[in-house]
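Notes to accompany the following structure.
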Amino acid sequence: MLEPNRILLGDCVSLMNGLPAGSVDMVFADPPYNLQLGGELLRPNHTRVDGVDDDWDKFQDFATYDAFTRDWLTAVRRILKPDGTLWVIGSYHNIFRVGAVLQDLGFWILNDIVWRKTNPMPNFRGTRFANAHETMIWASRDKDARYRFNYDSMKNLNEDLQMRSDWVLPICSGSERLRDEKGQKIHPTQKPEALLYRVILSSTRVGDVVLDPFFGTGTTGAVAKRLGRKWIGLEREEGYARMAQARIDATEEAPDPALLDAPPKRQAPRIPFGAVVERGLLRPGVTLYDLRKRVAAHVKADGTLVGVNHLGNHAGSIHRVGAAMTGLPACNGWTFWHYEDHGQLKPIDVLREQIRAELH
């Protein structure tokens, strides 16, 4: 029986091997980067850069790192549900090696996401380009998995524009960065909550179990709690686990679940365009336009449209007339057609959503 909302202390591979198979909906992994640093890194003023030099990031060679990667990814694949997904983040030091191993194990890559940092650390020696991004791989457990993707939530989050695979977000800083009593960073690679917010919101639903095998200071758990998801953190360093638990305990519980999940539009109640007309939200005779006012059609009392352009006379549903007037094989009339409201064009889909809201 899987017990969520807790931190398990110990080796992540051993801990995952002790969990039930097929019990986790999503895994977010921020594994050691194997930076292969040699000596201290100093700023131009000769102060030391507080980088990653912990023992957990040191491996004897690439073969050792690859074996470690294969072990933890194998354990992840066993505990993922058949339609679960894996997110793994890394830098140029390790992400390509991780990607090759996960493909060898049967994972299917869905996207690689470039996290472009608005405030990256500069290249102090001036010998390379400033490393201003990290890469995340999003993968399903198998090629034919019916994985979860909250497309509409991502579009809503991005002001009604399709979310792209390049995410511009700042690194963790300010009050969000956990520090000790001396003001030193508690963890060198703490990720910003905004990054995990987008990851978890995009590929899970309320109540899903999210596991992080390299829990660190608990960003995954804190965000999962805020979003009404269950979480499990695996961490081998007792100090990190203690800080993570305190952080999560201080995180507010999720609000009403109805405010956390936006069901895909294809699962929302079907609303015919005729309902918009019969409720008086649009009157018969009103002119609808495309966004650039290149074509126009008139609303009929029965919820159909009529229009004329150089391609001929057109009559029928909002979808059929939109396609015919543009010469396209298909058209989503809800997003294609717009009505005029106080001098502004608004998509008729706004009116459909208004009716849907009344039904809840």
Count the heavy atoms of every other residue, nucleotide or ligand shown that sit under 6.0 Å from CZ of Arg6, and state whether that count exceeds 12.
-> yes
How far does [atom1] of [X] sit from [atom2] of [Y], to the nearest 0.5 angstrom?
| X | Y | atom1 | atom2 | result |
| --- | --- | --- | --- | --- |
| Glu134 | Asn94 | CD | CG | 9.0 Å |
| Arg270 | Arg356 | CZ | CZ | 10.0 Å |
| Glu252 | Lys225 | CD | NZ | 9.0 Å |
| Thr204 | Leu227 | OG1 | CG | 7.0 Å |
| Asp212 | Thr219 | CG | OG1 | 8.5 Å |
| Asn5 | Lys230 | CG | NZ | 7.5 Å |

Side-chain heavy atoms nearer than 4.5 Å, only ILVMFWY residues, links allowed to pass through others: does that put [X] and [Y] together?
| X | Y | answer |
| --- | --- | --- |
| Leu86 | Leu2 | yes |
| Leu102 | Val24 | yes |
| Val114 | Leu196 | no |
| Tyr65 | Phe107 | yes |
| Val13 | Val101 | yes |

Return the set of residues passing side-chain contact (heavy atoms from CB on, under 4.5 Å) with [X] (not counting sequence neighbours), or none when no residue passes.
| X | answer |
| --- | --- |
| Ser165 | Ile113 |
| Ser14 | Asp11 |
| Asp341 | Tyr339, Lys346 |

Over 60° means perpendicular and under 30° means parallel, so classify the ring planes of Tyr151 and Phe149, tilted if in between.
-> perpendicular
For the residue pair Phe215 and Trp231, does the interplanar ring angle fall in the parallel (under 30°), tilted (30 to 60°) or perpendicular (over 60°) class?
-> parallel
Could you tell me which non-hydrogen atom of [X] sits nearest to which non-hydrogen atom of [Y], and how far apart they are?
| X | Y | answer |
| --- | --- | --- |
| Ile95 | Ile89 | CD1-C, 4.1 Å |
| Ile248 | Ala222 | CG1-N, 3.8 Å |
| Ala297 | Trp337 | CB-CH2, 3.7 Å |
| Ile271 | Trp334 | O-CZ2, 3.2 Å |
| Val306 | Ala315 | CG1-CB, 4.0 Å |
| Leu9 | Leu15 | C-CD1, 3.9 Å |

Are His314 and Asn309 close enough, and set up right, to give a side-chain hydrogen bond (donor to acceptor under 3.5 Å, both in side chains), and what steps lead you there?
-> CA-CA 8 Å; His314 312 285; Asn309 68 354; 2.9 Å; yes
Asp66/Arg97 salt bridge by N-O under 4.0 Å criterion | yes
Check ion pair Asp152-Lys155 (N to O, under 4.0 angstrom) = no
Ile200 and Met26: CA distance, side-chain angles, deciding distance, side chain to side chain contact (heavy atoms under 4.5 Å, CB included) verdict = CA-CA 8 Å; Ile200 293 173; Met26 193 199 87; 4.1 Å; yes
Any chance you could lay out the salt bridge (Lys or Arg N to Asp or Glu O under 4.0 Å) test for Glu237 and Arg242, step after step, and finish with the verdict?
-> CA-CA 9 Å; Glu237 302 288 338; Arg242 187 168 54 251; over 6 Å; no
Side-chain heavy-atom pair [X], [Y] within 4.5 angstrom cut-off:
| X | Y | value |
| --- | --- | --- |
| Val276 | Ile355 | yes |
| Glu193 | Arg226 | yes |
| Val295 | Tyr289 | no |
| Asp290 | His338 | no |
| Gln162 | Asn158 | no |
| Thr135 | Ser91 | no |
| Phe28 | Met136 | yes |
| Cys12 | Phe214 | yes |

Within 45 degrees of the axis of the six-membered ring of Trp167 and under 6.0 Å from its centre: does Arg198 put its NZ or CZ there?
-> yes
Could you walk me through whether Met154 and Leu201 pass the side chain to side chain contact (heavy atoms under 4.5 Å, CB included) check?
-> CA-CA 8 Å; Met154 291 297 97; Leu201 189 65; 3.9 Å; yes
Quick one: do Ser202 and Asn150 satisfy side chain to side chain contact (heavy atoms under 4.5 Å, CB included)? Show the steps, please.
-> CA-CA 5 Å; Ser202 71; Asn150 298 319; 5.6 Å; no
Please list every donor-acceptor pair under 3.5 Å in which a side-chain atom of residues 319-328 meets a protein atom from a residue at least two apart or in another chain.
from	atom 1	to	atom 2	distance (Å)
His319	ND1	Gly333	N	2.9
Thr326	OG1	Gly322	O	2.7
Thr326	OG1	Ala323	O	3.2

Show which residues join Leu291 in its hydrophobic cluster (side-chain heavy-atom contacts under 4.5 Å, direct or indirect), or state none.
-> none
Donor-acceptor pair, Arg283 side chain versus Gly280 backbone, under 3.5 Å?
->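 Such a contact is absent between Arg283 side chain and Gly280 backbone.
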For Arg229 and Val209, run side chain to side chain contact (heavy atoms under 4.5 Å, CB included): C-alpha distance rounded to whole Å, both residues' side-chain angles, the deciding distance at 0.1 Å, then the answer.
-> CA-CA 6 Å; Arg229 276 65 168 171; Val209 177; over 6 Å; no
Answer yes if the ring centres of Trp87 and Trp138 are under 6.0 angstrom apart, and no otherwise.
-> yes
Under 3.5 Å, which donor-acceptor pairs do the side chains of residues 70-83 form with other protein atoms, sequence neighbours left out?
from	atom 1	to	atom 2	distance (Å)
Thr74	OG1	Arg70	O	2.7
Arg77	NE	Leu105	O	3.3
Arg77	NE	Arg141	O	3.2
Arg77	NH2	Arg141	O	3.1
Arg77	NH2	Asp142	OD1	2.4
Arg78	NH1	Leu19	O	3.3
Arg78	NH2	Met16	O	2.8
Arg78	NH2	Asn17	O	3.2
Arg78	NH2	Leu19	O	2.5
Lys81	NZ	Asp25	OD1	3.0
Lys81	NZ	Asp25	OD2	3.4
Asp83	OD1	Arg146	N	3.0

